[in-house]
There are 2 protein chains.
Amino acid sequence: MHTDPLSAQFAALADPTRRAILARLSEGETSVNDLAAPFAMSLPAISRHLKVLESAGLVSRSRTAQWRPAKLEPLAMKGVADWIDQYRHFWESSFDRLDAYLKSIQSGSDDGSRH
Amino acid sequence: MHTDPLSAQFAALADPTRRAILARLSEGETSVNDLAAPFAMSLPAISRHLKVLESAGLVSRSRTAQWRPAKLEPLAMKGVADWIDQYRHFWESSFDRLDAYLKSIQSGSDDGSRH
DNA sequence: AGCATATTTAACATCCATGTTAAATACAAG
DNA sequence: CTTGTATTTAACATGGATGTTAAATATGCT
């Protein structure tokens, strides 16, 4: 099971329906019914997708009467972005610079067989 | 089933073992045996994790004699980063500005500024 | 050829994810 | 308090993900 937040967040993002929900929520808080409308999928299915997003911290819920609108929680997404930024220089450097970087690390100290 | 690249990439990243493998590969190309060493996991399991990373495009393989070293493929990770960057302004803005942004989108042309 | 090393595939077990439909719950209003 | 609307939970089916061990494959060496 996924106990670490990053795994939960990546897993939550690994589904097109959930990513579409997030895109929709980036335009504002929305009820489950409205969120479900564009999808050829039952309401309980959307409800469960929201639960996954909520467990990952990517979304929060509130209550107004019988509605439980979902709202984007961008800080969780920032956690994901921060992890990926570790690798940013790998694609932002020119290939020559990347190559040089890799070589400088490899020839630094050890044979690379352990942590 | 995950047919779209983004889903495959996120799914591949949703596992701590695979993220650890990527971290290791960020220090340079490495054989399967060396990659497996730090983990309390059988060699076939690591081999399958590599296959997942490779299918997602995050890693490529080559051959030297009986070794099939894995190498980081940062461009796939860039695809993921680009998707997330859609949401960057949600956490990089101040809360006031974020609030204003959300309101401006929801109410169309209303200026949405308050406080 | 025959053996050693590195890696993958096969066969299997188990658990998790995702979807469905039907019933249950939460709240508002008549 | 009964009804209507919104949402969740229950019960179930199914497929996919992840791990294991044993066998197969690929390559190099002597």
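Rounded to whole angstrom, the span from the CZ atom of A:Phe10 across to the C1' atom of D:dA17 amounts to 18 Å. Going from atom CD of A:Glu54 over to atom C1' of D:dT7 covers 13 Å, rounded to whole Å. At whole-Å resolution of the value, CE in A:Met41 and C1' in C:dT21 are 15 Å apart. As a whole-Å value, the separation of A:Leu50 CG from C:dT18 P is 13 Å. To the nearest angstrom, C1' of C:dT7 lies 9 Å from CD of B:Gln66. Separating the CZ atom of B:Phe39 from the P atom of D:dT20 is a distance of 12 Å, rounded to the nearest angstrom. If you take CZ of A:Arg63 and C1' of D:dA6, they are 9 Å apart, rounded to a whole angstrom.
Residue B:Lys78 holds its NZ atom at 7.5 Å from CD of A:Glu92, rounded to the nearest 0.5 Å.
The side chain of B:Arg61 contributes no N or O atom lying less than 4.0 Å from OP1 or OP2 of C:dT7. Regarding contacts with the backbone of D:dT27, every side-chain N or O of B:Arg68 stays at 4.0 angstrom or more from both OP1 and OP2. Between A:Lys51 and D:dT7 there is no side-chain N or O to OP1 or OP2 distance below 4.0 Å. Residue A:Asn33 has no polar side-chain atom (N or O) positioned under 4.0 Å from OP1 or OP2 of D:dT5.
With contacts defined as side-chain heavy-atom distances shorter than 4.5 Å, the pair A:Met77/B:Trp91 qualifies. Using a 4.5 Å heavy-atom cutoff, the side chains of A:Ser7 and B:Asp15 are not in contact. Using a 4.5 Å cut-off on side-chain heavy atoms (C-beta onward), B:Glu29 and B:Ser62 make contact.
Ring pair A:Phe10/B:Phe10 is tilted by interplanar angle, where 30° to 60° counts as tilted.
The backbone N or O of A:Phe90 sits nowhere less than 3.5 Å from a side-chain atom of A:Arg88 that would complete a donor-acceptor pair.
Near DNA chain D, meaning a heavy atom under 4.0 Å from it, residues 42-49 of chain A has A:Leu43, A:Pro44, A:Ser47 in order of number.
Of the options A:Leu43, A:Ile21, A:Thr17, a side chain to side chain contact (heavy atoms under 4.5 Å, CB included) to A:Leu35 is made by A:Ile21 and by none of the others.
Comparing A:Arg18 and A:Trp67, the nucleotide of DNA chain C nearest to each residue sits closer to the 5' end for A:Arg18.
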